[in-house]
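Please read the structure below before turning to the comments.
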Amino acid sequence: MDNKVYYGEYSLKHWIDLILKGNIVLPPYQRYFVWDEDKVQKIIEAFKKRQFVPPIIIGAYKENNNQNLILDGQQRLTSILLAYLGLFPDPKIYKATIDKMSDENDDETDDIKDELDNVLSWKFDELLKKGKNKTDILKNIVVGNYKIIDLRIDDNFLEKTFLGFSYLVPNTADTMQQQQYYSTVFRSINIGGKPLTPQESRESLYFFNKDMAQFFNPDFFKIFTIKINEKLDFVRYLSLLSQYKKNNNANKIAKYFSGKGKMEEYYEEFIYSIVGEKNSTMFVNFDEIFSDNNYDLHFNLLKNSADLLDIPKQYSSIIDSDIFLFGLIYQIVFENKTIDDTKKDEIKRLLDSKIIELKRDTSHTKSPAALKYLRNRINTSIEIYKQYTI
């Protein structure tokens with residue numbers, strides 16, 4: 001039998017109830033809520049004017065229990081929920097609250113952040129942790145965490161306004177096959193509004209093998225950013241260093257992948273080789289580095305070393321982040337070695353000096369993604385850290 005697709009529509013009130021009761025959920029690879037307040041206002045106005053709003057795509061998923069995954073429409077559904085609650089996760093409000101509370105309680109900044117929902121990487125799941133109805137959610141949010149909004153909607157509007165859906169039901173009970181099916185669906189959907197970045201789109205591939213999702217996108221690495229809140233891509237570092245390990249040098253890294261969009265194909269080949277979807281002779285064998293799929297030990301050592309060495313978490317350019325991170329990740333994750341943290345000041349001076357030297361080359365700063373410069377950074381960073389391995 002073929003996969004099934006069903007069609008229909010629900011009132012906005014029913015959609016809200018489905019969210020609050022957990023009857024529809026976001027799959028882990030869905031990106032954060034990215035719409036601004038103006039976008040939320042516009043979609044509510046579209047409903048009020050009876051204009052067309054694209055339907056939601058939901059997928060049935062069976063593992064230990066039955067779930068309904070939101071495959072497309074997170075931004076629309078979240079906007080409806082926010083309008084109903086009268087809240088908006090505004091970054092300016094969030095940052096202002098942190099700054100104010102930090103000034104008043106300088107020694108308790110980390111504790112303050114723990115009390116607040118991080119609206120810079122926010123999904124509606126954060127609200128569901130506070131309650132399953134409007135009263136409980138509003139009672140439990142921290143003052144100053146969200147902006148209060150009023151889009152002038154009432155229960156009558158929510159009950160008499162409808163939004164359509166497509167409901168996908170794969171013809172398989174096999175967990176892996178379902179994950180692969182939905183990963184493929186997610187990547188093929190032509191999402192309206194703000195486009196997915198290549199990295200966001202690629203994240204669905206991690207769930208071809210759900211047990212490996214933390215390998216590709218570990219929690220500890222999510223705090224590493226470049227420029228303004230742009231997360232660094234851990235898969236980029238893993239794939240490039242995996243080929244370095246295979247060849248024992250950077251000279252041929254990504255040799256046939258220069259050109260627009262080609263590096264994304266490179267990262268995908270690495271991912272497929274790990275999840276078992278396709279074989280690749282380009283990268284070192286996964287089992288050769290992580291026996292019994294045990295990568296947690298390596299990653300814990302990497303996290304601890306980054307903390308002990310005071311490795312920066314925010315960078316102004318990819319040149320800075322590459323020099324600091326390539327060698328560190330390679331020596332710990334791929335060579336299973338330890339960096340001498342008693343020499344952290346000396347290491348940092350060397351790294352900073354090399355960054356300054358590279359940035360003097362205007363061609364490098366203008367085209368840091370060029371393979372010759374990328375390979376240079378990989379070799380340089382690895383050689384620096386190699387001097388301090390234990």
Side-chain angles (χ1 to χ4, degrees), residues 10-41 43-44 47 56 58 61 64-71 73-102 104-105 108-155 157-159 161 163 213-214 217 219-220 222-223 229 231:
Y10 290 137
S11 70
L12 299 189
K13 180 65 169 62
H14 189 67
W15 282 114
I16 291 169
D17 289 341
L18 290 174
I19 296 173
L20 293 178
K21 293 176 181 178
N23 290 332
I24 55 174
V25 298
L26 292 170
Y29 48 79
Q30 276 280 18
R31 66 173 169 183
Y32 303 123
F33 180 66
V34 297
W35 280 12
D36 58 25
E37 187 180 350
D38 183 60
K39 191 84 171 178
V40 174
Q41 291 175 344
I43 195 171
I44 297 301
F47 281 120
I56 307 301
I58 305 292
Y61 178 71
N64 297 324
N65 56 0
N66 295 338
Q67 291 182 314
N68 296 308
L69 306 180
I70 302 171
L71 302 176
Q74 177 204 168
Q75 310 297 322
R76 278 159 274 163
L77 290 177
T78 302
S79 297
I80 294 165
L81 178 65
L82 290 172
Y84 168 68
L85 296 173
L87 300 174
F88 185 78
D90 189 294
K92 293 180 180 178
I93 297 290
Y94 172 72
K95 291 176 181 178
T97 300
I98 289 180
D99 290 342
K100 179 182 177 181
M101 297 175 76
S102 297
E104 296 172 354
N105 304 278
E108 302 175 14
T109 304
D110 290 338
D111 293 336
I112 293 168
K113 288 184 178 180
D114 288 341
E115 295 176 4
L116 301 174
D117 297 338
N118 181 3
V119 304
L120 303 178
S121 54
W122 184 89
K123 299 179 182 180
F124 67 64
D125 295 345
E126 296 295 332
L127 292 175
L128 303 187
K129 296 174 185 176
K130 305 180 189 310
K132 302 302 180 185
N133 58 66
K134 182 175 183 178
T135 301
D136 288 344
I137 292 173
L138 296 180
K139 181 176 65 177
N140 291 317
I141 63 170
V142 177
V143 175
N145 198 170
Y146 294 85
K147 181 178 181 180
I148 305 302
I149 60 174
D150 182 5
L151 299 185
R152 299 179 181 178
I153 60 175
D154 54 24
D155 287 343
F157 168 77
L158 294 172
E159 290 169 358
T161 305
L163 174 61
Q214 273 293 309
N217 193 19
D219 290 334
F220 79 88
K222 294 176 182 178
I223 63 173
N229 205 43
K231 290 180 174 58

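In what follows, residues are counted from 1 in the order of the sequence shown.
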Side chain proximity check, Leu81 to Leu20, heavy atoms < 4.5 angstrom: yes

Side-chain heavy atoms of Lys123 within contact of Tyr32, under 4.5 Å: yes

Any salt bridge between Asp17 and Lys13, counting N to O under 4.0 Å? yes

Would you call Asp36 and Lys39 a salt bridge, using N to O less than 4.0 angstrom? no

Could you please spell out the steps behind the side chain to side chain contact (heavy atoms under 4.5 Å, CB included) verdict for Leu18 and Leu77? CA-CA 10 Å; Leu18 290 174; Leu77 290 177; over 6 Å; no

Assess whether side chain to side chain contact (heavy atoms under 4.5 Å, CB included) is satisfied between Thr78 and Trp35, documenting all intermediate values. CA-CA 9 Å; Thr78 302; Trp35 280 12; over 6 Å; no

Close side-chain approach of Leu87 and Leu127, heavy atoms under 4.5 Å: yes

Could you go through residues 140-148 and list every donor-acceptor pair under 3.5 Å that involves a side-chain atom there, pairing it with any protein atom two or more places apart or in another chain?
{"unit_1": "Asn140", "atom_1": "ND2", "unit_2": "Lys130", "atom_2": "O", "d": "2.7"}
{"unit_1": "Asn140", "atom_1": "ND2", "unit_2": "Asp136", "atom_2": "O", "d": "2.9"}
{"unit_1": "Asn145", "atom_1": "OD1", "unit_2": "Asp117", "atom_2": "N", "d": "2.6"}
{"unit_1": "Asn145", "atom_1": "ND2", "unit_2": "Asp117", "atom_2": "O", "d": "3.1"}
{"unit_1": "Tyr146", "atom_1": "OH", "unit_2": "Asp117", "atom_2": "OD2", "d": "2.6"}
{"unit_1": "Tyr146", "atom_1": "OH", "unit_2": "Trp122", "atom_2": "NE1", "d": "2.9"}
{"unit_1": "Lys147", "atom_1": "NZ", "unit_2": "Glu37", "atom_2": "OE1", "d": "2.8"}

Carboxylate-amine/guanidinium contact Glu126 Lys129, below 4.0 Å: yes

Between Leu69 and Gln30, is there a side-chain heavy-atom distance shorter than 4.5 Å? no

Does a side-chain heavy-atom distance below 4.5 Å link Leu82 with Leu151? no

Gap between atom CG of Asn23 and atom CG of Asn66 - 0.5 Å precision: 11.0 Å

With rounding to the nearest 0.5 Å, note down the distance linking NZ in Lys132 to CD1 in Ile137. 8.0 Å

Can you check whether Leu85 reaches Phe124 side chain to side chain, under 4.5 Å on heavy atoms? no

Considering only heavy atoms from C-beta outward, does the side chain of Tyr84 approach that of Ile80 to under 4.5 Å? no

Working note: Phe33 + Val40, criterion side chain to side chain contact (heavy atoms under 4.5 Å, CB included); need CA distance, chi angles, decisive distance, verdict. CA-CA 11 Å; Phe33 180 66; Val40 174; 3.9 Å; yes

Taking the side chain as C-beta and beyond, is there a heavy-atom pair between Ile56 and Trp15 under 4.5 Å? yes

